Amino acid sequence: MDAEESKEQLRELLRSKRARISDSDYAAHSKKIIATLLQQREYQSAQAIHCYVSINERREVNTHSLIKMMLETEKQVVVPVTHFEDRRLSHFELTSFDNLVPSKWGGLEPRPEDSMRRLPPELELVIVPMVGGDEQGHRIGYGGGFYDRFLKKAACPAIGLCFEQNIVPSLPTGDHDVSLNKIITEARVIERAERQ
């Protein structure tokens with residue numbers, strides 16, 4: 001079995017594990033993770049923040065309340081639109097949570113007519129979704145490479161949000177994988193001194 005097959009098996013295992021989180025643990029752990037994020041210097045000093053809009057049915061760490069709070073505190077919130085045909089993200093500044101509408105992929109995305117496109121170099125922090133992570137600050141996503149390509153261009157810190165149960169000692173990584181500055185779980189903050 002090669003590294004990619006091993007990674008795909010691990011991805012499916014972690015997705016299945018995450019799907020079994022109870023409603024009460026999902027809500028409590030998400031709340032604790034967001035509370036820890038708010039205490040991080042990277043968050044407190046950033047004005048323009050890119051944040052994924054969680055697909056709660058997939059048990060991604062819930063960012064809906066975070067996005068609403070950032071809008072209320074007048075941070076500039078940038079959210080992604082996923083383009084599966086060419087495996088890229090585009091980025092739009094969000095002015096109201098009400099401007100998010102269901103996409104054909106099942107998540108919430110901004111209506112382009114209600115949004116303003118924003119380029120990654122202007123960002124000061126990226127909050128990243130994860131299927132799982134490891135002790136070295138690596139992440140595993142859904143396998144499309146969307147965030148790896150984006151993070152290579154984003155000249156700012158990146159913080160991943162992940163449930164502790166989906167942290168493993170070490171992930172198989174390749175040249176295209178981009179590690180995170182921090183991973184926040186409900187139990188701790190995993191820091192990496194330098195992003196690669």
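The shown structure was predicted, so the numbers you read here are calculated from the model rather than taken from an experiment.
We find the OG-CD1 distance between Ser54 and Ile127 to be 11.5 Å, quoted to the nearest 0.5 Å. The structure places CD of Glu135 at 5.0 Å from CD1 of Ile190, a figure rounded to the nearest 0.5 Å. In this structure, the separation between CD1 on Ile33 and CD1 on Ile183 is 11.0 Å, given to the nearest 0.5 Å. Atom CG of Leu100 and atom CG of Leu94 lie 5.0 Å apart (nearest 0.5 Å). Atoms CD and CD1, from Glu42 and Ile159 in turn, are 4.5 Å apart once rounded to the nearest 0.5 Å. For the atom pair SG of Cys156 and CD of Glu124, the computed distance is 8.0 Å after rounding to the nearest 0.5 Å.
Residue Ile167 is grouped with residue Ile21 when hydrophobic side chains (ILVMFWY) are merged at heavy-atom distances under 4.5 angstrom, including chains of intermediate members. Leu108 and Phe84 fall within a single hydrophobic cluster, where Ile, Leu, Val, Met, Phe, Trp and Tyr are joined by side-chain heavy atoms under 4.5 Å apart, directly or via other members. The hydrophobic cluster containing Phe146 does not contain Leu14, counting ILVMFWY residues as joined when their side-chain heavy atoms lie under 4.5 angstrom apart, directly or transitively.
When all heavy atoms are compared, the tightest approach of Val126 to Ala154 is CG2-CB, 4.3 Å. Across every non-hydrogen atom of Leu171 and Asp134, the tightest pair is N-OD2, 2.9 Å. The shortest non-hydrogen separation linking Arg11 to Gly141 is NE-O, 2.6 Å. For the pair Val53 and Glu60, the tightest heavy-atom approach, listed with the atom from each and the gap, is O-OE1, 4.1 Å. For Leu89 against Pro80, the heavy-atom pair with the smallest separation is CD2-CB, 4.2 Å. Taking all atoms of both residues into account, the shortest heavy-atom contact from Tyr52 to Val61 is OH-O, 2.7 Å.
One N or O on the side chain of Arg149 and one on the backbone of Arg87 form a donor-acceptor pair closer than 3.5 Å. Using a distance-only test at 3.5 Å, with no hydrogens or angles considered, no donor-acceptor pair links the side chain of Glu57 to the main chain of Gly107. Put simply, the side chain of Asp148 never gets that close to the backbone of Asp177: no donor and acceptor are under 3.5 Å apart. Of the possible polar contacts, one joining the Gln40 side chain to the Thr36 backbone as a donor-acceptor pair under 3.5 Å is found. Here the side chain of Lys7 pairs no donor or acceptor atom with the backbone of Gly143 at under 3.5 angstrom. Although no hydrogens or angles enter the test, the distance criterion places no donor-acceptor pair under 3.5 Å between the side chain of Lys182 and the main chain of Val189. Judged by distance alone, the side chain of Arg139 and the main-chain N or O of Val131 form no donor-acceptor pair under 3.5 Å. With Lys75 contributing its side chain and Ile49 its backbone, the two residues share no donor-acceptor pair below 3.5 Å. Judged purely by atom type and a 3.5 angstrom limit, Ser179 has no side-chain atom pairing as donor or acceptor with the backbone of Gly137. Remark: the backbone N or O of Arg20 is not paired with any side-chain donor or acceptor of Arg59 at under 3.5 angstrom.
Among His91, Glu93, Gln76, the one residue that satisfies the side-chain hydrogen bond (donor to acceptor under 3.5 Å, both in side chains) test with His50 is His91.
More than 12 heavy atoms of other residues, nucleotides or ligands sit less than 6.0 Å from atom NZ of Lys17. Shown here is Glu74, whose CD atom has no more than 12 heavy atoms of other residues, nucleotides or ligands within 6.0 Å.
Side-chain contact between Val81 and Ser90: present, with at least one pair of heavy atoms (C-beta onward) separated by less than 4.5 Å. A 4.5 Å side-chain heavy-atom check between Ile140 and Asn166 finds every atom pair outside the cut-off. The shortest distance between side-chain heavy atoms of Thr173 and Gln136 does not fall below 4.5 Å. Under the 4.5 Å side-chain criterion, counting only non-hydrogen atoms from C-beta, His138 is in contact with Arg192. When side chains are defined from C-beta on, Ile184 does not count as touching Cys162, because their heavy atoms never get closer than 4.5 Å. A heavy-atom distance below 4.5 Å is not found between the side chains of Val128 and Phe150. Looking only at side-chain heavy atoms (C-beta outward), Tyr43 and Leu38 come within less than 4.5 Å of each other. Side-chain atoms of Tyr142 and Thr82, non-hydrogen and from C-beta on, never get closer than 4.5 Å to each other.
Using a cut-off of 4.0 Å between Lys/Arg side-chain N and Asp/Glu carboxylate O, Lys68 and Asp98 are scored as not salt-bridged.
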Residue pair Leu161, Ile34: steps toward the side-chain contact (heavy atoms from CB on, under 4.5 Å) verdict = CA-CA 8 Å; Leu161 308 183; Ile34 298 305; 3.9 Å; yes
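Residues passing the side-chain contact (heavy atoms from CB on, under 4.5 Å) test with His29 are Asp25, Phe163, Glu186, sequence neighbours excluded.
The list of ring pair (Phe, Tyr, Trp, His ring centres under 6.0 Å) pairs with a residue in residues 57-82, not counting sequence neighbours, reads His64-Phe97.
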